[in-house]
Amino acid sequence: MNSEQDKVAARVTMPAGRSTFLRRTVVVPALVACGCGGETETPVPPGYVEPPSFTQLDSSGRQTALRFTDVTAEAGIDFTHVTGAFGEKWMPETMGSGGGFLDYDADGWPDIFLVNGAEWSGHQTGAAATARLYRNLRDGRFADVTRVAGLDISLYGMGAAFADYDGDGDTDVYLTAVGDNVLMRNDGGVFRDVTDAMRVTGNGERAGSPRAWSTGAAWVDVDRDGWVDLFVCNYVQWTPETDLFTTLDGVNKSYATPQQYQGESCRLYRNERGRAFVDVTEPAGVLNHEGKSLGVAVGDFNGDLWPDLVVANDVQPNFLYLNNGDGTFVDVAPRAGVGFDEFGRARAGMGVDVADVMGDGNLSIAIGNFSREPVSLYTQIGEELFQDRAGAARLTRSTLLPLTFGVLFADLDLDGAQDLLLANGHIEPDINTVQQDITFAQPPQVFVNDGQGRFHDVGPTVSEIFTQPLVARGIATADYDRDNDLDVLLTTNGAEPVLLRNDLPVEANWIGVHAKGNAPNRQAIGAVVTVFAGDLTQRRMVRTGSSYLSQSMVQPLVFGMGKHTQVDSLTVEWPVSGRRDVIGPLEVRMRYVVAEDAAGQVTQETP
């Protein structure tokens, strides 16, 4: 969470009664030293008014038709995240939680799932807190179906990942937690706990291994056999019994940072045809107890259709696991330039996402970092070589002070370029008493991409929510109202989530693609869809993970087409067979279904 150059003096008392002082100095790197000396920001003009119709960004990034409306209350989302805090400032209380979108009842409308914490043993004050599942009523409202769906389970939850692991056509739910994780199998809209039978608690394999504190997770078919496997991030070895006393002011306790705790390795579980999972962490080459991992994103960095993994670590070097195609991975982060910042220091990575922000086929990895550490934007300049171009992308100055957890790319204005959403909020409620320019609650941010890989902070012009301080954590997107633009869900720590409806004008051009794979991978996880229209090329992988403790809707993929009124061609590369279907030309403003067993034929999706 924190970095050595960013901390003030802290006192740490060991459980056995020993104490030590860690003396730290606040350092704010100069923008020139960050490689962004030529960075300039273009402010939104005062009194800017929404244009009457869809408007492309000009070269200064001053115009956008993007608008969001906070519809949380009218949508019926009545949820407050429980931290369990009772005055002792136990470390997990400030880290959660996530949520996201899934279609649990397979009706084609995105539903909402929210992860909850819990009250600590011996400090319960009322009924047990549970996660919440909200069914989409198709009229802009949601209904709480948690109990009838069998998801009214209580655990100290952190994050969630959704996929059909058993190939039966239903989306299952995996919950990460402080302690044992939980796998809930979906049987026709009713969920059943199958964690013990599937052996996916997130803990180490050896007898007597401590219960892990798991965070981000992703379903990914690492061996391309059609059965989605499970990658789980683990953070640090913390328990109430090993909790340490840390302080910012030398008197009062503060929330601890991960330097004081031993890391815990991520786990990789291979799916054995939906009947069981096998822990292959060590033989797969991803066993590493130094990680302190919080976020994971899936990408294909060398175009071989084998899914690779990027893991954001907190005050430890990030991981970039390239898939060897034989069930093993190799971490190339140090030599690829994504393990450290430009000064060779490990940052405090939280959330992570991957996208082609330039539209040139090269992927960028965005990672949210601690206060006084700007967002990282590691951009591919070679197959296994990256450079942090946050400064050139105009992200450094705007993201220097916030503490960024959730990070998510999405084409919010449907112009064909990936925009960037950030969920911000500090870990320490009293941070402002020792750092007057840093606050606990911080506004989220939204940056529009001008098509050249430069980002412009337009938050204050698109919604009041981007001016309001929140203690935000996760971000997820989905077209929940099926009006063909992406809506946004923000989760918060100890407070209410925020559901933002995207109110783009109808003039925007887009195309929706729903790739339907053969059983067991009906969700086509790992498939790569590429859309060609004139000089615009967009390549996306069907994937889970990304953000922070949260997941966006997997399908359909929504491609913004900007000024283009026709798709020249569309290709789908299927992960198991490796077959490449070519389809087109296609009309815009339509949703299409591409089925793996249809030999390249496409149908329009039924409303």
Side-chain angles (χ1 to χ4, degrees), residues 1 3 95 98 158-159 161 174 176 181 202 204 212-220 222 229-237 258 262-269 279-282 284-302 306-324 328-341 346-355 363-370 373 375-378 380 384 386 388 404-409 474 541 543-551:
M1 261 170 321
S3 64
M95 297 296 291
M158 295 298 294
Y174 186 71
T176 63
N181 301 334
W213 172 0
S214 300
T215 50
W219 295 96
V220 51
V222 299
D229 311 298
L230 178 62
F231 186 89
V232 181
C233 292
N234 284 327
Y235 192 36
V236 296
Q237 296 180 17
Q262 173 63 44
E264 181 69 63
S265 178
C266 301
R267 314 304 301 183
L268 176 61
Y269 298 99
D279 189 331
V280 295
T281 306
E282 189 166 1
V286 296
L287 183 70
N288 189 337
H289 291 283
E290 301 302 319
K292 304 181 181 180
S293 305
L294 288 173
V296 57
V298 182
D300 179 10
F301 295 101
N302 50 16
W306 291 96
D308 309 309
L309 301 167
V310 55
V311 178
N313 288 318
D314 194 351
V315 301
Q316 292 292 113
N318 303 312
F319 301 146
L320 178 57
Y321 289 119
L322 291 189
N323 193 328
N324 293 321
T328 66
F329 291 82
V330 58
D331 180 17
V332 300
R335 72 169 186 260
V338 302
F340 304 91
D341 67 11
R347 285 178 172 172
M350 264 66 90
V352 58
D353 199 11
V354 175
L363 293 178
S364 292
I365 302 168
I367 297 178
N369 298 307
F370 206 79
E373 292 179 342
V375 164
S376 304
L377 188 69
Y378 298 110
Q380 207 168 12
E384 295 183 14
F386 293 75
D388 190 350
T404 300
F405 276 89
V407 175
L408 194 66
F409 288 111
M541 174 183 282
R543 59 199 177 101
T544 73
S546 294
S547 185
Y548 175 76
L549 307 178
S550 304
Q551 183 175 309

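In this structure, the side chains of F301 and I365 come closer than 4.5 Å at one or more pairs of heavy atoms. With a 4.5 Å cut-off on side-chain heavy atoms, L320 and F386 count as touching.
Here the closest non-hydrogen pair linking G474 and S547 is C-OG, 4.2 Å. Contact detail for A212 and G202: the closest heavy-atom pair is CB-O, 3.5 Å. In plain terms, the two heavy atoms of M158 and L549 that are nearest each other are O-CD1, 3.3 Å. Summarising the geometry of P258 relative to V315, their closest heavy-atom pair is CG-CG2, 3.6 Å, with the distance given to 0.1 Å. Considering every non-hydrogen atom in both R267 and T281, the closest pair reads CA-OG1, 3.3 Å. In terms of heavy-atom proximity, G349 sits nearest to I367 at CA-CG2, 3.8 Å.
Rounding to the nearest 0.5 Å places CE of M350 at 6.5 Å from CG of N369. Distance check, rounded to the nearest 0.5 Å: CD of E282 to CG of L268 gives 12.5 Å. We find the CD-CZ distance between E373 and R347 to be 6.0 Å, quoted to the nearest 0.5 Å. Annotation: the span from H289 atom NE2 to C266 atom SG amounts to 10.5 Å, rounded to 0.5 Å. Of the inter-residue distances, the one linking D300 atom CG with L363 atom CG reads 7.5 Å to the nearest 0.5 angstrom. From S376, atom OG reaches atom CG of D341 across 7.5 Å, with rounding to the nearest 0.5 Å.
Listed by chain and number, the residues in a side-chain hydrogen bond (donor to acceptor under 3.5 Å, both in side chains) with S550 amount to none (sequence neighbours excluded). Judged as a side-chain contact (heavy atoms from CB on, under 4.5 Å), and not counting sequence neighbours, the contacts of N324 are D326, T328, V330. Applying the salt bridge (charged side-chain N to carboxylate O under 4.0 Å, His left out) rule to D229 yields no partners; only residues at least two apart in sequence or on another chain are considered. Partners of Y174 by ring pair (Phe, Tyr, Trp, His ring centres under 6.0 Å), not counting sequence neighbours: none found. Considering only residues two or more places apart in sequence or on other chains, N288 meets the side-chain contact (heavy atoms from CB on, under 4.5 Å) condition with E290, F319, Y321. Not counting sequence neighbours, the partners of S364 by the side-chain hydrogen bond (donor to acceptor under 3.5 Å, both in side chains) test are T379. Residues forming a side-chain hydrogen bond (donor to acceptor under 3.5 Å, both in side chains) with D331 (at least two apart in sequence, or on another chain): none. For N318, there are no side-chain hydrogen bond (donor to acceptor under 3.5 Å, both in side chains) partners at least two apart in sequence or on another chain. Checked against ring pair (Phe, Tyr, Trp, His ring centres under 6.0 Å), F231 has no partners two or more places apart in sequence or in another chain. A search for side-chain contact (heavy atoms from CB on, under 4.5 Å) contacts involving A297 returns V310, V352, V354, R543, S546, not counting sequence neighbours.
Side chain of Q237 to backbone of G263: a donor-acceptor contact under 3.5 angstrom is found. Under a 3.5 Å cut-off, the side chain of D308 and the backbone N or O of N323 do form a donor-acceptor pair. Checked by atom type and distance alone, the side chain of D353 pairs as donor or acceptor with a backbone atom of F409 at under 3.5 Å. Checking side-chain atoms of T544 against main-chain N and O of W219 turns up a donor-acceptor pair under 3.5 Å. In this structure, T176 contributes its side chain and T215 its backbone to a donor-acceptor pair below 3.5 Å.
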Show which side-chain atoms of residues 332-340 pair as donor or acceptor with protein atoms under 3.5 Å away, not counting sequence neighbours.
{"unit_1": "R335", "atom_1": "NE", "unit_2": "E384", "atom_2": "OE1", "d": "3.4"}
{"unit_1": "R335", "atom_1": "NH2", "unit_2": "E384", "atom_2": "OE1", "d": "2.9"}

Worked check of side-chain contact (heavy atoms from CB on, under 4.5 Å) between N313 and L294: CA-CA 6 Å; N313 288 318; L294 288 173; over 6 Å; no

